[in-house]
Amino acid sequence: MYARRDSPAGLRALAALRSGASLKKAGRAAGVDHRIVLRFLREEYDELRAGGLSVANAQARVGLCSPRMPGWDEARLARGDDRLRHHRRPPAEQEAAFWACFDAGGTLLEAVAGVSFTRSTAYRCLQRRYGQLRDEGHTPRSAGRVLRLQAFQVTKWEGKRRVVQRAAEREQRAARLAASQDAAWHVAAALAPHGNTVASAARLAAFWKLVHDGVSLTDTCKMLAMHPKTARRTYRRGETAARPAPVGRYLLLHERLLLADLLRQQLTQAAIAARLGRSPSTVSRELSRHRDENGDYLPHQADRAAEKQRERPRESKLAADPRLRALVQRKLNCYWSPEQIAGWLLATHPWDPTRRVCSESIYRALLVPGAQVLHSRYTAKLRTGRKVRRPHYLTRAFRGGPVRNMTMIHDRPAQVEDRVEPGHWEGDLILGLASRSAMITLRERVTHYGLVINLPVDHTSPTVTAALVEAFAGMPTHLRRTLTWDQGSEMARHQDFAEASGLAVYFAERSSPWQRGANENFNGLVRQFFPKNTDLSRHKPQSVATVTALLNNRPRKSLAYRTPAACFRAAEHAA
């Protein structure tokens, strides 16, 4: 973090220097490196020289006479009085041309087309103009209307503006406190050895004065040269006696009125919490929830809003927002899972909180009796198609016949487990009614790309081997590395398959489906379209290909909500 001269550390360092300490001792007292202290001196010296003081007077004011100072003067003169233009800010004439076109009613793209900078630079110009309008007294809504901004952009810039303003206010308060009382604290810190676990009386008095003034424990430790463990121990011992007991779980109206009065006095949240007898996090949550669009806290309005928020039962988000409900229904109709819908909404609308809903809310709207938010017909679009929630249960693992000359999964290369190198597959059979029909399911471990191959006639070892060789024939070599299978008899000719396709075949342990977790997950997805105890041979190749494309073009949470098809295409062109 960049240390500023007006920060508490900078003020402590300069106070220590003026009391006669060296650069290194001043740096140790402030908790910074001595080169940073030297930079503080140089900044102060440059300001004094720019203000018209002579070299001797500036050296006297700074309290340091160094052979480096002539070099500071030369660098300042070479730099000039004007600050260099920021490297991301366009020249004045280009910015003037941009605003001339934009103010005349042109769109952002039309205004950018007339100058030689990008849209990102244009957005920075808009953000600066937005800040100027807000400083002139415009509300966020009126400033956004003047600049023709969308609501989410105004919300985003207003949030950044508040963060900067609050950080500046905190730094100014800390600097004022440090400037007014730094010398007393520095003397108090020297009264007790740094290794003592119990602070002296003078240090205790200075410690509690800082805490009551709203200074954080971290800054208190730096100012008093106190170990953090000692500070936390001292605070815990005196916190119970110093803080009054809360009157209840929720803030009352008189507490909110007092909070508003203390805010107008520009007290910190920690100081307000100490006066209210509440936790600082309670005050922080109260302010973050109940400030209006201008950042003001209105206690009566906050009390009414809090009372309304405590009403039960509350209306669900899907029931209150028809547009969000229609969007969720469209995605459910495309066989998207609730988790995929929730992740896609967050990735697509990151700055719009009205377009967010968690997967649990969707499940409750579908499966909780009496909810009546989403129609029951959408339950058929879920993986299992169930209309009520049921506990998970274990299924029996498939036990095939003996396979000779198996290479077990423990001998598989280590890079397969890392999921970094594409080309490592897992495969299995899913069986139809009375085990008379079957399908091959394959899934790549890195991209999650899946293949479904129908076996309408039989699923003997020669048929499975021929189907697998054909499936891998058109793939690049770097995407054909290994294949992991269970110990089913359909892989009795695994050596012939390995020789024909170039893939090394490995076998999982018996009754251990978790060793092929990616493929087992893919089997569950496929079963939504090809249920158990049905005849799989009646499905045409076009239907199987449609289902495969549908599964590969759905976003995955593990892929940052990208699709397996896109990741597989990227892996094909990577080599």
Side-chain angles (χ1 to χ4, degrees), residues 334-337 339-341 343-344 346-348 383 407 409-430 439-454 464-486 491 494 497-508 513-529 541-542 544-575:
C334 295
Y335 296 94
W336 285 30
S337 70
E339 188 176 26
Q340 290 170 342
I341 296 172
W344 177 82
L346 181 60
T348 309
R383 299 282 188 270
T407 304
I409 193 172
H410 306 294
D411 300 327
R412 196 170 60 175
Q415 56 266 28
V416 181
E417 295 294 334
D418 297 336
R419 292 180 182 265
V420 176
E421 181 184 64
H424 302 285
W425 298 78
E426 294 177 0
D428 194 11
L429 285 184
I430 58 173
M439 288 183 177
I440 298 175
T441 60
L442 297 167
R443 192 170 193 178
E444 206 279 317
R445 288 174 55 86
V446 176
T447 63
H448 293 189
Y449 187 82
L451 294 175
V452 183
I453 306 170
N454 196 9
V464 171
T465 302
L468 288 174
V469 170
E470 183 179 358
F472 287 104
M475 293 187 187
T477 306
H478 67 279
L479 293 180
R480 292 185 286 117
R481 303 180 191 274
T482 66
L483 174 65
T484 304
W485 206 276
D486 60 12
M491 288 299 290
H494 64 91
F497 164 73
E499 182 178 358
S501 62
L503 280 86
V505 183
Y506 298 91
F507 292 89
W514 58 86
Q515 294 181 348
R516 300 176 297 102
N519 181 250
E520 290 292 334
N521 175 269
F522 188 65
N523 289 346
L525 304 181
V526 173
R527 281 297 190 184
Q528 182 181 5
F529 304 93
Q542 295 84 354
V544 178
T546 301
V547 171
T548 305
L550 183 65
L551 293 175
N552 287 326
N553 285 280
R554 291 196 303 193
R556 297 287 192 273
K557 180 180 180 181
S558 57
L559 299 176
Y561 294 102
R562 294 177 296 169
T563 62
C567 295
F568 192 79
R569 288 194 297 268
E572 282 183 327
H573 301 294

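Only a predicted model underlies this, so the values are computations on that prediction, with no experimental measurement involved.
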Please step through side chain to side chain contact (heavy atoms under 4.5 Å, CB included) for the pair F497 and L483, ending with a clear verdict. CA-CA 10 Å; F497 164 73; L483 174 65; 3.5 Å; yes

For side chain to side chain contact (heavy atoms under 4.5 Å, CB included), just list the numbers for F522 and V452, CA-CA rounded to whole Å, side-chain angles, deciding distance to a tenth of an Å, and then say yes or no. CA-CA 10 Å; F522 188 65; V452 183; 3.9 Å; yes

Check the pair N552, F568 against side chain to side chain contact (heavy atoms under 4.5 Å, CB included), reporting the backbone distance first and the verdict last. CA-CA 9 Å; N552 287 326; F568 192 79; over 6 Å; no

List the steps and the verdict of side chain to side chain contact (heavy atoms under 4.5 Å, CB included) for N523 and D428. CA-CA 8 Å; N523 289 346; D428 194 11; 3.3 Å; yes

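The minimum heavy-atom distance between I409 and Y506, with the atom names listed, is CA-CB, 4.4 Å. Between H448 and S558, the closest heavy-atom pair is CE1-OG, 2.8 Å. Closest non-hydrogen pair, P422 versus R481, comes out as O-NE, 2.7 Å. Closest approach of A571 to L479, counting heavy atoms only: CB-CD2, 4.1 Å. The heavy-atom pair separating S337 from R383 by the smallest distance is CB-NH2, 3.5 Å. Closest approach of V446 and R419 over heavy atoms only: CG2-C, 3.6 Å.
Other residues, nucleotides and ligands place no more than 12 heavy atoms under 6.0 Å from the CD atom of E470. Surrounding CD of E499 are at most 12 heavy atoms belonging to other residues, nucleotides or ligands under 6.0 Å away.
Atoms CG and CZ, on D411 and F507 in that order, are 12.5 Å from each other to the nearest 0.5 Å. Rounding to the nearest 0.5 Å places OG1 of T548 at 11.5 Å from CG of L525. Rounded to the nearest 0.5 angstrom, L468 CG and I453 CD1 are separated by 6.0 Å. Taking CD of Q528 as the reference point, atom OH of Y335 lies at 7.0 Å (rounded to 0.5 Å). With rounding to the nearest 0.5 angstrom, the NE2 atom of H424 is 9.0 Å from the CG atom of D418. One distance of note links CD1 of I430 with CD1 of I440; it measures 10.5 Å at 0.5 Å rounding.
Using modelled atom types, no side-chain atom of D486 and backbone atom of A508 make a donor-acceptor pair closer than 3.5 Å. Between the R443 side chain and the A518 main chain, a donor and an acceptor come within less than 3.5 Å of each other. Side chain of R445 to main chain of E426: no donor-acceptor pair is present (N/O by atom type, distance under 3.5 Å, no hydrogens or angles). Here the side chain of N553 pairs no donor or acceptor atom with the backbone of T563 at under 3.5 angstrom. R480 places no side-chain N or O within 3.5 Å of a backbone atom of G502 that could act as its donor or acceptor partner.
Looking at L346 and Y561, their side chains never come closer than 4.5 Å, going by heavy atoms from C-beta outward. Counting heavy atoms from C-beta outward, E572 and Y449 have side chains that stay 4.5 Å or more apart. In this structure, L551 and F529 have side chains that are in contact, with non-hydrogen atoms separated by less than 4.5 Å.
A perpendicular orientation is assigned to the rings of W344 and W336, their planes being inclined by more than 60° (bins at 30° and 60°).
Between T482 and R412, the side chains place no donor N or O within less than 3.5 Å of an acceptor N or O (distance only, hydrogens not considered).
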